Amino acid sequence: MRNAEIAAALRELSVLYELDGADRYRVLAYKEAARTAQDSPVSLEQLASEGRLTELPAVGKTLAEKIEALIETGSIPAAEKLKAKFPPTLVDVTRVPGLGAKTARRLFDELGVTDLGSLGEAAEAGRIKELKGLGPKVEENVLASLETLPEPGEDSDRRLLSKILPIARELAEALAAHPASGRVEIAGSARRWSETCKDVDLVATASDARALAEALAENQLIAEERAGGEAGAQALTHTGVKVDLRVVPEKNFGNLLQHFTGSAGHNVQLRERALARGLSVSEHGVSKLGGKRVHRFTEEAGVYELLGLPYIEPELREGRGEIEAAEAGELPELLRLSDVRGDLHSHTTLSDGRNSVEEMAEAARRRGLAYLAITDHSASHGFGDHVTAKRLAQRIKEISAFNESAPRGFRLLAGSEVNIGTDGSLDYPDELLAGLDWVIASVHTSFAISEREMTERVLAAIEHPLVDCIGHLTGRLLLRREPYGIDVARVAEAAAANGTMVEINGNPNRRDLNEHHAKLAAEAGVRIVVNTDAHGVETLDNMQYAVATARRAWLSADQVANTRAWRSFAPLRKRAKKS
DNA sequence: GCCGTTTTCGGCCCGACTGTTTTCAGTCG
């Protein structure tokens with residue numbers, strides 16, 4: 001059973017408990033455990049078989065038993081018992097914004113509402129506003145929300161970071177240029193470089209808050225303003241992205257930026273830690289419990305310093321142990337974009353890219369890179385853009401010729417992104433692969449095979465002496481396609497043992513390895529490579545997303561192989577060691 | 001239900017907003 005399925009079952013159980021009126025902290029405990037399951041880079045099924053589930057944060061004896069039952073029987077007895085008490089479709093009712101478990105339960109008890117359908121009927125009939133404590137506004141909200149509610153399981157309110165960042169940057173820039181503005185910063189999940197975001201959060205200081213709110217409303221990206229005033233403004237872009245602008249005085253800009261950068265989990269842990277030291281933290285400032293004095297900071301670092309901590313980079317603020325690490329002085333010095341010296345995954349018009357070798361080389365050089373691997377798809381790629389063995393041999397000569405007249409300090413690598421067949425075989429002869437500088441092996445077909453088969457398939461490639469690196473290991477496409485089943489821990493172990501590198505693919509649709517897998521792999525001793533998988537000159541900029549995922553995986557420059565100059569990188573390749 | 005530099009029991013982040021109320025519960029981020 002996949003971790004994601006376990007997480008979904010725990011999330012459902014938390015809502016069922018909530019509907020049953022359970023203690024809120026018990027409900028919270030299940031939600032926390034669901035998050036742990038979702039985030040875990042190692043298979044919970046594996047951990048369960050070894051009796052090690054309680055090693056996970058937020059999983060105690062009871063949760064471990066429930067997860068074990070779920071894996072063994074496919075369901076959790078407690079969940080089944082609750083589902084007999086009230087219809088499980090009542091969980092859907094809590095997806096309506098503004099309706100929580102308390103309200104959903106009342107609607108069931110008093111109106112017989114069992115699902116979204118009967119909720120709509122009750123609203124249409126005007127029966128909701130008759131209930132004590134609920135009124136016409138709630139009923140209107142229900143009717144309006146039912147119109148726009150996404151299908152269950154559909155994350156339609158989340159968008160790729162690559163859709164959110166350009167909006168956030170353009171708005172921040174426009175606001176910063178306004179005469180009434182002071183400081184303007186992007187906050188929220190976009191600042192933490194999350195894979196997907198729900199909205200754009202901006203934090204600003206201003207001499208005239210209303211003028212700044214108006215400037216936001218008048219920006220060309222904004223379709224409608226929802227509210228605006230002294231404290232900030234909310235607006236909606238033409239593409240339907242919510243924008244939240246907060247305006248604060250300069251003196252507590254740091255407090256607010258810290259608060260609105262989140263994550264929720266990080267802030268909860270930070271505040272709990274503060275509380276244990278007699279301090280209360282909020283977006284307004286830090287104060288002694290029962291004390292009057294409020295400590296306000298213009299910079300975030302001040303907040304952390306008062307709590308006895310060094311500054312914590314936004315990418316680490318996920319409540320995954322960063323506070324403990326900060327306290328112990330063990331925060332990593334994170335990889336930076338400027339550390340990256342080469343890009344080892346790119347395509348040209350030879351396969352499915354949009355630019356020539358020369359154009360890609362020039363664009364890479366302009367971005368300050370010292371080397372770029374041209375890795376077009378291989379012989380069995382299909383779609384009419386495969387590269388025959390004969391053509392690849394010719395490409396090797398072209399690259400060689402390019403390098404002879406290449407500008408100083410820059411070189412191209414003759415490479416290929418080779419398909420891994422279902423049996424683990426590669427689709428070029430070894431003699432040809434031996435003539436390349438760099439080979440990435442990736443899975444592009446037959447995703448539906450079992451996890452066991454997929455793992456064996458990739459392990460075969462990892463053990464191949466001429467495979468230098470594995471590409472986009474799990475095959476996922478964010479918000480579109482789930483990763484295929486593969487035992488990442490086993491893959492990492494084998495990659496470390498064989499000296500095969502594994503990439504973090506910077507295509508913002510992929511971010512694959514994800515941050516959890518990348519951390520696991522690096523800790524297992526795998527050399528990580530950050531790549532763009534660029535299919536044109538402009539997507540060479542995807543390195544920022546690969547670096548972001550590396551940072552969220554706690555990686556430092558020395559754990560990422562292509563922060564090295566070519567002469568130091570080249571000997572790290574498996575092919576260099578064999579010869 | 002989890003968890004431990006005040007605790008193996010008794011805590012568990014903080015504040016804003018909304019809609020309904022006349023002081024607050026529920027929801028949200």
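Proteins get letters first, then strands, A, B, ... in listed order; numbering begins at 1 in each. The structure displayed is predicted, hence computed values, not measured ones. Only heavy atoms go into these numbers, but all of them, side chains included; no hydrogens, no water, no symmetry mates.
- Side-chain contact of A:N507 with A:N509: a donor-acceptor pair under 3.5 Å is present, judged by distance alone.
- For the pair A:L16 CG and B:dG1 P, the computed distance is 14 Å after rounding to whole Å.
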Along nucleotides 19-29 of chain B, 5' to 3', which nucleotides get a B, which get an S, and which get a -, given that the test is a protein heavy-atom distance under 4.0 Å? SSS----SSSS

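- Of the C1' atoms belonging to B:dT18 and B:dT23, the separation is 15 Å, rounded to the nearest Å.
- For the side-chain hydrogen bond (donor to acceptor under 3.5 Å, both in side chains) test, residues two or more places apart in sequence or in another chain that qualify with A:E195 are A:R476.
- Atoms CG (A:L289) and C1' (B:dC13) sit 11 Å apart, rounded to a whole Å.
- As a whole-Å value, the separation of A:E65 CD from B:dG1 P is 10 Å.
- Proximity of a side-chain donor or acceptor of A:N3 to a complementary backbone N or O of A:V42 within less than 3.5 Å is detected.
- Checking the phosphate oxygens (OP1, OP2) of B:dC13, no side-chain nitrogen or oxygen of A:S280 falls inside 4.0 Å.
- For A:E330, there are no salt bridge (charged side-chain N to carboxylate O under 4.0 Å, His left out) partners, not counting sequence neighbours.
- Not one N or O on the side chain of A:D244 forms a donor-acceptor pair closer than 3.5 Å with the backbone of A:Q234.
- For the segment residues 24-33 of chain A, residues with any heavy atom less than 4.0 angstrom from an atom of DNA chain B are, sorted by number, A:Y25, A:R26, A:A29, A:Y30.
- B:dT7 and B:dC12 have their P atoms separated by 15 Å, given to the nearest Å.
- Following rounding to the nearest Å, A:N267 (CG) and B:dC13 (P) show an atom-to-atom distance of 12 Å.
- Among residue pairs with one or both ends in residues 203-212 of chain A, those qualifying as salt bridge (charged side-chain N to carboxylate O under 4.0 Å, His left out) are A:R210-A:E230; sequence neighbours excluded.
- In this structure, A:Q234 atom CD and B:dA16 atom C1' are separated by 11 Å, rounded to whole Å.
- Nucleotides B:dT20 and B:dG15, compared at atom P, are 26 Å apart to the nearest Å.
- Each of A:A264 and A:H284 has a nearest nucleotide on DNA chain B; the 5'-most of these lies closest to A:A264.
- Within the structure, salt bridge (charged side-chain N to carboxylate O under 4.0 Å, His left out) pairs that include any residue of residues 111-132 of chain A comprise A:K129-A:E139 (at least two apart or interchain).
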Would you mind writing out the side-chain donor-acceptor pairs for residues 281-290 of chain A within the sub-3.5 Å range, not counting sequence neighbours?
| from | atom 1 | to | atom 2 | distance (Å) |
| --- | --- | --- | --- | --- |
| A:S282 | OG | A:H284 | N | 3.0 |

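- A:E515 pairs by the salt bridge (charged side-chain N to carboxylate O under 4.0 Å, His left out) definition with A:R320, A:R552, not counting sequence neighbours.
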Please set out all donor-acceptor pairs under 3.5 angstrom arising from side-chain atoms of residues 47-55 of chain A, sequence neighbours excluded.
| from | atom 1 | to | atom 2 | distance (Å) |
| --- | --- | --- | --- | --- |
| A:S49 | OG | A:Q46 | O | 2.6 |
| A:E50 | OE1 | A:R52 | NH1 | 2.7 |
| A:E50 | OE2 | A:Q46 | NE2 | 2.6 |
| A:R52 | NE | A:E55 | OE1 | 3.3 |
| A:R52 | NE | A:E55 | OE2 | 3.3 |
| A:R52 | NH2 | A:E55 | OE1 | 3.3 |

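- Contacts of A:D23 with the nucleic acid, taken as non-hydrogen atoms under 4.0 Å apart, include base atoms.
- Here the C1' atom of nucleotide B:dG1 and the CD1 atom of A:I67 are 12 Å apart, to the nearest Å.
- Using P as the reference atom, B:dC9 and B:dC14 are 25 Å apart when rounded to the nearest Å.
- Spacing of P atoms, B:dC3 relative to B:dT8, comes out at 16 Å, to the nearest Å.
- Using a 3.5 Å distance cut-off with no hydrogens or angles, the side chains of A:R317 and A:S263 do not pair a donor with an acceptor.
- In this structure, A:N141 places its CG atom 10 Å from C1' of B:dT18, rounding to the nearest Å.
- Residue pairs meeting the salt bridge (charged side-chain N to carboxylate O under 4.0 Å, His left out) criterion with at least one member in residues 57-72 of chain A, sequence neighbours excluded: A:K61-A:E65.
- With C1' as the reference atom, B:dG29 and B:dC13 are 12 Å apart, rounded to whole Å.
- If you take atom P in B:dG26 and the same atom in B:dT21, they sit 14 Å apart, rounded to whole Å.
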Hey, what are the protein-to-nucleotides 3-9 of chain B N/O distances that come in under 3.5 Å?
| from | atom 1 | to | atom 2 | distance (Å) |
| --- | --- | --- | --- | --- |
| B:dC3 | OP1 | A:A58 | N | 2.9 |

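- Remark: B:dT8 base-pairs with no nucleotide in the shown strands. Criterion, Watson-Crick or G-U wobble with two distances under 3.5 Å.
- Every side-chain hydrogen bond (donor to acceptor under 3.5 Å, both in side chains) that A:R277 has, sequence neighbours left out, goes to A:E327.
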